[in-house]
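First comes the structure, then the notes that go with it.
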Number of protein chains: 2
Amino acid sequence: MSDFDEKPEQKKRVTAQMVADAAGVSRSAVSRAFTDGAYLDSEKRVRIRQVALELGYQPNALAAGLQGGRSHLVAIFVGNMRSPYDTAFVGHLVGRLNALGKWPILIDGSGAQASTAVEDVLRYPLDAMILRGGSMPEDLVLQCAKIGIPMISSGRPVDIDGVDNVCCRNADGTRSMTEFLIAQGRKKFAYISAPRAYYSSTQRRNGVVQALAQAGRELMAEEDGDFTVDGGFDAGMRLLSNHRPDALICANDATAIGALTAAKEMGWQVPDQIAIVGFDDIDMARWPSFDLTTVMNPIDRSVDAIIELLNRRLETPEKSNEMILVKTELVLRGTH
Amino acid sequence: MSDFDEKPEQKKRVTAQMVADAAGVSRSAVSRAFTDGAYLDSEKRVRIRQVALELGYQPNALAAGLQGGRSHLVAIFVGNMRSPYDTAFVGHLVGRLNALGKWPILIDGSGAQASTAVEDVLRYPLDAMILRGGSMPEDLVLQCAKIGIPMISSGRPVDIDGVDNVCCRNADGTRSMTEFLIAQGRKKFAYISAPRAYYSSTQRRNGVVQALAQAGRELMAEEDGDFTVDGGFDAGMRLLSNHRPDALICANDATAIGALTAAKEMGWQVPDQIAIVGFDDIDMARWPSFDLTTVMNPIDRSVDAIIELLNRRLETPEKSNEMILVKTELVLRGTH
DNA sequence: AAAGTATGTGAACACGTGTGCACAGTCCGT
DNA sequence: ACGGACTGTGCACACGTGTTCACATACTTT
């Protein structure tokens with residue numbers, strides 16, 4: 001019947017005490033073997049780690065986090081998991097956080113249960129909370145701030161104590177794009193926007209209007225999109241049926257791709273009759289079918305900024321709020 | 001000088017003991033106020049929760065998880081954070097997990113540090129680990145299995161004890177698509193694949209070959225792509241320069257979109273001269289510029305299956321492995 | 001009125017780890 | 001030879017919670 005015993009069905013997690021017993025040392029020694037900079041005979045350290053490896057031991061992060069230090073957990077609230085830009089953004093961010101030894105917990109901000117999800121995740125002592133686009137209800141932001149969780153918002157500035165911001169220079173981007181198109185000889189400008197709730201669309205529109213005003217011009221037409229390809233397509237159809245602009249600036253790339261498709265379908269020659277440009281420089285903008293001229297909203301630089309702010313905030317929790325503005329760049333392809 | 005005291009700079013987390021003191025009850029009562037099904041006077045319960053709300057108290061999930069029950073943490077290993085299909089998949093999955101009260105920790109499998117990241121995240125007592133696409137090194141899979149962490153793999157079957165699988169019927173999908181195209185009168189078939197390392201590409205190719213064999217035919221041409229639009233574009237260029245097929249089946253939608261663009265650029269009439277079809281039905285397949293006929297690889301049903309397997313595995317940890325096969329559907333649009 | 005039962009609550013333990021503190025042992029300088 | 005500096009290690013405490021157990025109180029039954 002010893003066969004029965006041979007399958008211990010080890011379901012319990014291996015604990016430091018078991019390693020200590022197996023290696024003939026105290027539990028403290030095991031703990032020290034896994035903490036850098038702790039006093040421990042180096043030969044003993046390797047022996048302990050060897051035993052730990054054989055037993056499959058890993059320090060329990062829950063117990064360690066309880067200890068008072070950092071938990072290494074970072075929540076990411078992402079407003080729209082469908083948007084190509086946001087998903088690409090989150091992809092980069094996750095990679096960087098992983099490399100830093102931080103663990104990103106994702107919260108889908110588009111779901112109906114987003115508020116309760118945020119509320120519940122606060123049961124974990126988070127190192128930080130990162131907001132990507134979308135809008136987290138203000139009372140939740142305040143609650144996080146009250147609890148003392150560092151927050152970093154990207155894509156929509158949040159003016160609350162304890163919240164750092166990373167934002168791209170939206171107006172600068174569309175302003176220089178508009179100036180470029182004016183210099184190129186374009187005269188009749190139109191804009192496809194996004195709902196007012198999207199902060200960045202308004203900013204981008206401002207840039208266009210400012211550059212036009214500087215040149216003594218103004219928008220000849222305007223339509224409402226919704227940051228999606230379908231929305232851009234519909235808005236493009238409506239706009240190009242009623243007006244004949246020679247430059248169409250869109251609130252983002254998805255909108256521009258939709259509008260570009262609509263224009264081609266209606267028989268417009270791009271870029272001969274009309275320039276159509278977007279904002280963001282998502283992967284699809286580069287696809288040969290679109291070859292979209294656009295304003296780059298640099299993901300890598302924004303993520304760098306987030307990581308930088310995160311490190312600074314963890315270093316000095318009481319520091320004053322910061323806002324890092326990320327520069328845009330014109331990406332000149334085939335639609336201007 | 002009382003002003004000085006009024007700003008306590010409360011940085012420490014509120015603990016159950018503080019709530020107990022403030023409410024004039026024992027700490028146990030506070031704990032019970034937050035656990036469903038615990039004996040506690042209902043009037044007292046609401047009073048405690050009221051005090052907790054005012055103080056901003058939330059039970060510390062780290063300490064609670066230490067208690068022995070579930071940790072509610074679920075790791076998601078995602079092979080490629082750039083792929084539109086995978087990111088959409090993860091988006092859905094995150095939403096569903098949030099609604100279930102599980103917290104998804106993301107691991108970027110494409111980074112160089114992916115292995116150590118997986119190793120490190122195992123310090124948390126995870127409820128489960130979900131693999132989406134990509135390939136997690138086998139030794140890590142075995143390590144997870146040894147520790148006893150339930151694993152669910154999606155997109156690439158893993159035949160290891162303790163690993164459940166969700167997989168779409170790749171071969172069935174391309175087989176019925178091929179049969180459909182044959183019935184439609186197409187005769188000369190070509191295929192653009194992905195590297196052999198991608199399990200699903202091989203399966204999809206098999207479906208094509210089987211359907212052709214059934215009709216007494218075989219592939220007339222074949223090129224290697226890499227599951228990306230650029231790869232599909234290049235492969236399409238090469239293939240269509242040297243052959244004149246009337247049906248081109250691609251390993252996934254991104255490849256098909258690239259090939260479609262190449263075909264149009266070379267002056268091919270789609271679908272009159274050639275049918276070009278993909279696999280997955282990503283958002284972009286629906287975009288008006290592509291209007292791609294494809295095989296739907298249903299994300300919602302796959303995610304449903306994952307959630308189902310997760311629940312069953314948590315219910316009965318010792319149950320035998322399961323494999324759920326997800327049915328595909330033809331999506332007939334404009335490129336056939 | 002006594003005995004039994006239902007209800008509510010506090011004390012104490014367990015979870016697994018990091019670390020301050022005290023102590024043992026070794027090496028060096030005078 | 002002796003005191004001091006240095007190195008290495010175990011003990012014990014703290015972290016914040018869920019839960020068992022015993023106990024106190026109120027209520028019902030014979």
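Here is the naming used below: chain letters follow the sequence lines, and residue numbers restart at 1 for every chain.
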message: When you measure from the side-chain N and O atoms of A:T15 to the phosphate of C:dG16, is any distance below 4.0 Å, counting only OP1 and OP2?
response: no
Quiz: residues 109-117 of chain A side-chain donor-acceptor pairs under 3.5 angstrom, not counting sequence neighbours:
residue	atom	partner	partner atom	Å
A:S110	OG	A:D108	OD1	2.6
A:S110	OG	A:D108	OD2	3.4
A:T116	OG1	A:Q113	O	2.9

task: Would you check if there is a donor-acceptor pair between the side chains of B:D139 and B:Q143 at a distance under 3.5 Å?
output: no
field: Between D:dA14 (P) and B:L62 (CG): distance, integer Å
entry: 20 Å
query: Which whole-number value in Å describes the distance from B:R123 CZ to C:dG18 P?
result: 8 Å
- request: For A:Y57, report the nucleic acid contact type (base, sugar-phosphate, nothing); a contact means any heavy atom under 4.0 Å.
  value: sugar-phosphate
- prompt: Rounding to a whole Å, what distance do you find between B:R45:CZ and C:dT9:P?
  reply: 10 Å
field: Heavy-atom closest contact (A:M129 atom, A:C144 atom, distance)
entry: SD-SG, 3.9 Å
query: Starting at OH of A:Y124 and ending at P of D:dT17, how long is that distance when rounded to a whole Å?
result: 14 Å
- prompt: For B:Q67 and D:dG16, what is the distance between atoms CD and P respectively, to the nearest whole Å?
  reply: 14 Å
message: Distance check needed: D:dT17 P versus B:Q17 CD, whole Å only.
response: 10 Å
query: Could you write nucleotides 5-13 of chain D as a row of B, S and -, 5' to 3', where a protein heavy atom under 4.0 Å of any base atom gives B, of only sugar-phosphate atoms gives S, and otherwise -?
result: --SBBBBB-
- prompt: Taking atom types as modelled and ignoring hydrogens, do the side chains of B:E315 and B:N311 form a donor-acceptor contact shorter than 3.5 angstrom?
  reply: no
field: Nearest listed nucleotide, side chain of A:A64, among C:dG18, D:dG18, D:dG16
entry: C:dG18
Atom pair distance, as rounded to whole Å: CG in A:D36 and P in C:dT19: 11 Å
message: Around atom CZ of B:R82, are there more than 12 heavy atoms from other residues, nucleotides or ligands closer than 6.0 Å?
response: no
task: Figure out the CG/C1' separation between B:N60 and D:dC15, and round it to whole Å.
output: 9 Å
- request: Indicate yes or no: at least one non-hydrogen side-chain atom of A:S154 is less than 4.5 angstrom from one of A:I306.
  value: yes
- request: Before accepting this row, confirm whether a basic side-chain N of the pair A:R312/A:E308 lies closer than 4.0 Å to the acidic partner's carboxylate O.
  value: yes
